[in-house]
Amino acid sequence: MIAQLIEESRKIVIKIGSNTLAGKDGKINFNFLDEFAQQSSSLIKKGKQVILVSSGAQIAGLSTMDKWARKKDIHYRQALCAVGQVELMDAWRRAFSRFNLHIAQILLTRDDFNDSKRTLNMRNTLFTLVDEGIIPIINENDTVSVEEIKIGDNDTLAARSAILWSADLLILLSDIGGLYDKNPKDDPQAKLLEEVRDIEEVRKNIIIGESNSFGTGGIATKLDAAALVQSYGIPAILADGSKPRCIEALAAGNQKGTVFLI
Ligand code: ADP
């Protein structure tokens, strides 16, 4: 099912979570970025179009400003993301340049999606970039996003971006193999749910556990994101981005995950 969905989809939004971007040392995993850029390049050669939603600004910022690690003040957190966003995009730029691909940075916040003029501009810019073979990389604009105007998690940001761009498919890459009936980190007996159609029903019947240290939304926002795109007729896949060459493995039917069907 996953392989077929990827095969049939032309416009794909891929969201990469913080825990997927970070290595075990808590710093940006450059190998992952290189491998990911290569797989995106293959997708593009097959005629597909890709938009990335990349978390990781905070992680990248902490690598540079490690003395700010204990600062909890909101302005320091935002300053950290401002520093880290540059590092993050620099890492992505290097990774994609090896495959002769250019990237573009798009920083958005909730208000941008609630204003028809802004959404039109965003949509046109995304279409222009993608038509020119450039990979847009979207993230939340943390500098202006205080709690009240925040989207708050990149799963929802990715879902909204997928809807805005009229994507065919949303892929959420996390550090978990998909949606389980309970958190596999708490219980190794947890069962993977490979196909989900009725998200609200499933939500009532599973145990939603804790998220990771860097994760913001956890599994709940992944369900929200899947439900949001589903209501616009866009299917979603949740899969483990830490598996080797995960996009290729998913496309070849060699890796499992959860498909949220429409
Ligand atoms: P990301 O940084 O990729 O967005 P999060 O840490 O926010 O990831 O959310 C993913 C985490 O949610 C998983 O690592 C897992 O431990 C946790 N989780 C809790 N309950 C479940 C569940 N029922 N199925 C799958 N994962 C779950």
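Residue numbers count from 1 along this sequence. Everything numeric in this text was worked out from a predicted model, so none of it was measured. Atoms within each ligand, like the ligands themselves, are counted from 1 in listed order. Values below: all heavy atoms of this structure, side chains included; hydrogens, waters and symmetry mates excluded.
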**Study point:** ligand 1 versus Lys15: contacting region, heavy-atom distance under 4.0 Å
**Key:** side chain
Review point. Mind checking whether Gly218 has an N or O less than 3.5 Å away from an N or O of ligand 1?
Key: yes
Exercise for review: Might you point out which heavy atoms bring Phe113 and Met122 nearest each other, and give the distance in Å?
Suggested key: CE2-CE, 3.7 Å
Practice item. Run the numbers for me: atoms of ligand 1, each under 4.0 Å from some heavy atom of Tyr180, listed by number. Key: 22 (C), 23 (N), 24 (N), 25 (C)
Check your understanding: Would one find an N or O of Asp155, backbone or side chain, under 3.5 Å from an N or O of ligand 1?
Key -> no
Practice item. Heavy-atom distances under 4.0 Å are what count here, so tell me which part of Lys182 touches ligand 1: side chain, backbone, both or neither. Key: backbone
Review point. At a non-hydrogen distance cut-off of under 4.0 Å, which region of Ile176 contacts ligand 1 (side chain, backbone, both, or neither)?
Key: side chain
Point to revise | ligand 1 N/O within reach of Asp181 N/O, cut-off under 3.5 Å | key: no
Revision key, fill the gap. If we number the atoms of ligand 1 from 1 as shown, the ones under 4.0 Å from a heavy atom of Glu210 are 12 (O), 16 (O), 17 (C), 18 (N), 19 (C)
Practice item. Answer yes or no: are there more than 12 heavy-atom neighbours, outside Lys27 itself, under 6.0 Å from its atom NZ? Key: no
Exercise for review: Kindly check if the number of other-residue, nucleotide or ligand heavy atoms within 6.0 Å of NZ (Lys72) is above 12?
Suggested key: yes
Review point. So which bit of Asp153 gets within less than 4.0 Å of ligand 1, heavy atoms only: side chain, backbone, both or neither?
Key: neither
Check your understanding: Which ligand 1 atoms, with their elements, are less than 4.0 angstrom from a heavy-atom of Ser174?
Key -> 1 (P), 3 (O), 8 (O), 10 (C)
Practice item. Look at the side-chain heavy atoms of Ile, Leu, Val, Met, Phe, Trp and Tyr, link any pair under 4.5 Å apart, and say whether Ile44 and Leu5 land in one connected group. Key: yes
Point to revise | Ligand-residue contact atoms, ligand 1 with Ser18, heavy atoms, under 4.0 Å | key: 2 (O)
Practice item. Flag the pair Lys222 and Asp155 as a salt bridge only when some basic side-chain nitrogen lies within less than 4.0 angstrom of an acidic carboxylate oxygen. Key: yes
Revision key, fill the gap. So the atoms of ligand 1 within less than 4.0 Å of a heavy atom of Asp175 turn out to be 13 (C), 14 (O)
Revision key, fill the gap. Given the options Asn154, Leu108, Val53, Glu140 meets side chain to side chain contact (heavy atoms under 4.5 Å, CB included) only with Asn154
Exercise for review: Please confirm whether Gly209 comes within less than 3.5 Å of ligand 1 when only nitrogen or oxygen atoms on both sides are compared.
Suggested key: yes
Check your understanding: Heavy atoms, side chains only, cut-off 4.5 Å: are Ile135 and Trp92 in contact?
Key -> no
Review point. Are Lys256 and Glu194 close enough for a salt bridge, meaning some N to O gap below 4.0 Å?
Key: yes
Point to revise | Geometric N/O contact Thr20 with ligand 1, under 3.5 angstrom | key: no
Review point. Closest heavy-atom contact between Ser9 and Leu169?
Key: OG-CB, 3.4 Å
Exercise for review: May I ask you to say whether Asp153 pairs ionically with Lys15, meaning some side-chain N is under 4.0 Å from a carboxylate O?
Suggested key: no
Exercise for review: Ignoring hydrogens, just give me the one of Ile16, Thr221, Asn183 whose non-hydrogen atom is nearest atom 21 (C) of ligand 1.
Suggested key: Asn183
Review point. Below 4.0 Å from any atom of ligand 1, is there a heavy atom belonging to Gly178?
Key: yes
